[in-house]
Amino acid sequence: MGAAAVCQAADAQAPQNQSAFSFNEWLPGCFMLFDAEREHAENPWVQEVSFRFRPQYQWGYMDPAGGADRVKGCSDGNGRRGNDEWRRFRIGGKAKVLKHLVLFTDWDIGGLDQRHKYSGGTWQRSRGKTGVYELYVQGDFKPVTITLGKQKPAFIGEYRTSDSQILTIERSNLVNQLTAESLYGLDFRNSDKKAPLGWELGVWVNAQHDGLWKEPAFCSSGNVMVAGGLSYATSDHSRLYLDYMHSFYNEGRDLDPGISMQGPGARDVVALTWTLKKDAFNLMVEGMAGFNCTGANGKKEGAENVAGLSLIPSYRISPHWEAVCRYQLAAGSNAVDAYSRYATTNSAYSSVSDMLQGFYLGVNYYVNPDKPDMIRVMIGAEYQDSAGTDAKGAKGFTGWQYGAALRANF
């Protein structure tokens with residue numbers, strides 16, 4: 001072989017030997033401040049340090065049955081059907097230290113635009129408040145993982161799914177009503193998430209002080225929540241979950257000023273979830289119930305129990321596109337609490353009813369198919385129908401909601 005032929009062969013092979021630049025790989029790598037494996041630096045103290053960034057902006061438009069008469073502010077000539085907001089804007093950090101420990105923090109950044117709310121004849125946009133969302137230390141001591149600090153209790157299937165991974169723009173109404181927000185507590189679970197049989201147990205403080213740190217509040221009104229869950233792999237592609245939460249919340253005692261209740265929406269909450277993931281098809285089927293609802297007000301006077309279900313099938317049409325559907329149902333006398341984005345924020349309907357059904361159809365676009373949670377655009381429409389009235393005789397929301405969201409997670 002001549003010299004020219006050798007050079008041509010080398011040139012032809014060169015592109016294969018050179019690693020091509022990938023923006024989708026480079027961008028998340030910028031948030032990794034230190035990686036001992038990447039840096040080939042054996043370190044017994046610190047193995048990884050990363051910066052976290054989760055901005056999520058969304059827009060909604062509400063079209064209630066009944067038209068303009070059901071839009072807040074229309075009687076004053078100041079009706080508003082649309083709304084927009086920074087749904088979430090969080091920054092934080094994560095560090096892996098001493099081989100077995102993870103230090104994690106996530107903060108809500110304040111001062112950003114929240115949704116418009118109607119009060120005193122005018123629409124006013126609030127500003128987000130700065131506060132700690134999660135702050136914990138986690139130890140992976142196989143076969144058990146222990147988490148101590150402010151964390152998100154991983155119960156009820158839709159809520160167990162991260163807000164950067166949920167397939168619909170908002171979770172089901174009943175999930176938002178029954179779930180517990182991030183709370184200070186102690187959690188134990190099996191380390192292997194793919195084990196045939198999984199389990200989780202924990203105890204959390206229901207109440208917390210308002211303000212920047214939102215530290216736990218130990219008071220007779222808030223008390224504590226205990227919870228447990230079991231999961232079973234029904235096949236290589238599906239899993240069954242059973243979750244239970246019990247709150248010792250004292251409904252008869254008022255919370256002290258500056259303290260908010262963040263526990264579950266009922267004294268006892270039970271959820272049964274089945275998930276299936278096979279090829280391009282995903283399915284979540286979930287039934288849930290809350291007994292002795294908490295947070296009763298004038299509209300929910302006499303409310304006791306609420307129950308419902310959700311079905312969420314999705315199909316990956318292509319590497320970038322995924323179609324999503326959802327059916328949701330919730331029922332309970334004066335007990336169904338419609339979520340405030342954006343039906344009850346912008347409409348004159350009550351937020352409470354005896355029964356609510358919803359049909360959602362949406363599509364998600366993933367900028368990086370290999371890392372779908374990194375950047376996504378979501379578009380969806382949902383029709384909700386409420387039956388019955390609240391304790392004051394007002395009808396619950398019925399009509400269409402349209403939405404779009406831009407979400408990133410690094």
Side-chain angles (χ1 to χ4, degrees), residues 104 106 132-141 143-163 166 171-193 195 197-208 214-232 239-251 255 260-275 284 286-295 304-310 330 335 337:
F104 185 92
D106 216 0
V132 60
Y133 181 73
E134 289 186 291
L135 179 64
Y136 61 77
V137 56
Q138 184 176 84
D140 187 1
F141 306 104
V144 179
T145 296
I146 304 173
T147 307
L148 174 64
K150 190 172 187 183
Q151 56 193 280
K152 176 181 174 180
F155 301 98
I156 306 182
E158 276 191 78
Y159 189 67
R160 181 164 43 242
T161 305
S162 168
D163 52 60
I166 56 175
R171 295 180 174 90
S172 302
N173 285 270
L174 189 55
V175 172
N176 282 306
Q177 180 178 347
L178 293 179
T179 193
E181 288 291 342
S182 57
L183 302 170
Y184 283 92
L186 178 63
D187 176 86
F188 302 85
R189 68 170 183 263
N190 64 301
S191 301
D192 184 5
K193 294 182 180 180
L197 182 64
W199 59 270
E200 183 171 2
L201 293 170
V203 56
W204 293 266
V205 178
N206 268 330
Q208 62 187 27
K214 297 183 178 179
E215 72 274 14
F218 300 93
C219 58
S220 58
S221 301
N223 221 314
V224 300
M225 175 193 90
V226 294
L230 293 173
S231 68
Y232 175 70
R239 200 168 190 93
L240 187 66
Y241 298 83
L242 176 63
D243 298 319
Y244 173 71
M245 293 183 284
H246 175 74
S247 171
F248 293 91
Y249 178 58
N250 189 338
E251 185 74 34
L255 292 173
S260 59
M261 166 70 175
Q262 299 293 326
R267 294 282 187 88
D268 295 279
V269 176
V270 180
L272 182 64
T273 310
W274 181 66
T275 61
M284 177 182 288
E286 186 159 56
M288 64 208 98
F291 304 94
N292 298 311
C293 296
T294 58
E304 294 184 1
N305 306 324
V306 63
L309 58 87
S310 66
D337 198 355

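All of these numbers come straight from a predicted model, not from anything done at the bench.
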J.: By side-chain contact (heavy atoms from CB on, under 4.5 Å), which residues pair with Glu215, not counting sequence neighbours?
T.: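 In terms of side-chain contact (heavy atoms from CB on, under 4.5 Å), with neighbours along the sequence ignored, Glu215 is linked to His209, Trp213.
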
J.: Counting C-beta onward and ignoring hydrogens, is there a side-chain heavy-atom pair between Val306 and Gln177 closer than 4.5 Å?
T.: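 Val306 vs Gln177: side chains touch.
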
J.: Restricting to ring-ring contact (aromatic ring centres under 6.0 Å, His included), what partner residues turn up for Phe291, sequence neighbours left out?
T.: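 Here no residue qualifies.
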
J.: Which residues pass the side-chain contact (heavy atoms from CB on, under 4.5 Å) test with Ser231, not counting sequence neighbours?
T.: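 In terms of side-chain contact (heavy atoms from CB on, under 4.5 Å), with neighbours along the sequence ignored, Ser231 is linked to Arg239, Tyr241.
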
J.: Tell me if a side-chain donor or acceptor on Asn176 pairs with a main-chain N or O of Ser172 at a distance below 3.5 Å.
T.: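 Yes, Asn176 side chain to Ser172 backbone: donor-acceptor pair under 3.5 Å.
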
J.: Would you check if Val132 and Lys150 make a side-chain contact, meaning some heavy-atom pair closer than 4.5 Å?
T.: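 The answer is yes, as the side chains (C-beta and beyond) meet within the 4.5 Å cut-off.
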
J.: Tell me, please, which residues at least two apart from Tyr184 pass ring-ring contact (aromatic ring centres under 6.0 Å, His included).
T.: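 ring-ring contact (aromatic ring centres under 6.0 Å, His included) list for Tyr184, sorted by chain: empty.
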
J.: Could you label the plane-to-plane angle of the His246 and Phe248 rings as parallel, tilted or perpendicular, counting under 30° as parallel and over 60° as perpendicular?
T.: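 Perpendicular, since the angle between the ring planes exceeds 60°.
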
J.: Can you find a heavy atom in the side chain of Met245 that is under 4.5 Å from one in the side chain of Met225?
T.: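 In contact.
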
J.: Using modelled atom types only, decide if a donor and an acceptor are shared between the side chain of Thr145 and the backbone of Phe141 within a distance under 3.5 Å.
T.: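 Pair absent, no side-chain N/O of Thr145 close to backbone of Phe141.
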
J.: I'd like to check the side-chain contact (heavy atoms from CB on, under 4.5 Å) partners of Phe218; sequence neighbours left out, ordered by chain and number.
T.: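 Val205, Pro216.
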
J.: Please determine if Asp163 and Arg171 form a salt bridge, counting it only when a charged side-chain N lies under 4.0 Å from a carboxylate O.
T.: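 Salt bridge between Asp163 and Arg171, a charged N being under 4.0 Å from a carboxylate O: no.
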
J.: Quick one: list whatever passes side-chain contact (heavy atoms from CB on, under 4.5 Å) with Leu186, sequence neighbours left out.
T.: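 By the side-chain contact (heavy atoms from CB on, under 4.5 Å) rule, Leu186 matches Ile146, Leu148, Phe188, Val203.
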
J.: So, Ser260 and Gln262: side-chain donor and acceptor under 3.5 Å apart, yes or no?
T.: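 Gln262 and Ser260 do have a side-chain donor-acceptor pair below 3.5 Å.
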
J.: In terms of the angle between their ring planes, are Tyr136 and Phe104 parallel, tilted or perpendicular, with boundaries placed at 30° and 60°?
T.: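 Aromatic pair Tyr136/Phe104 classed parallel.
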
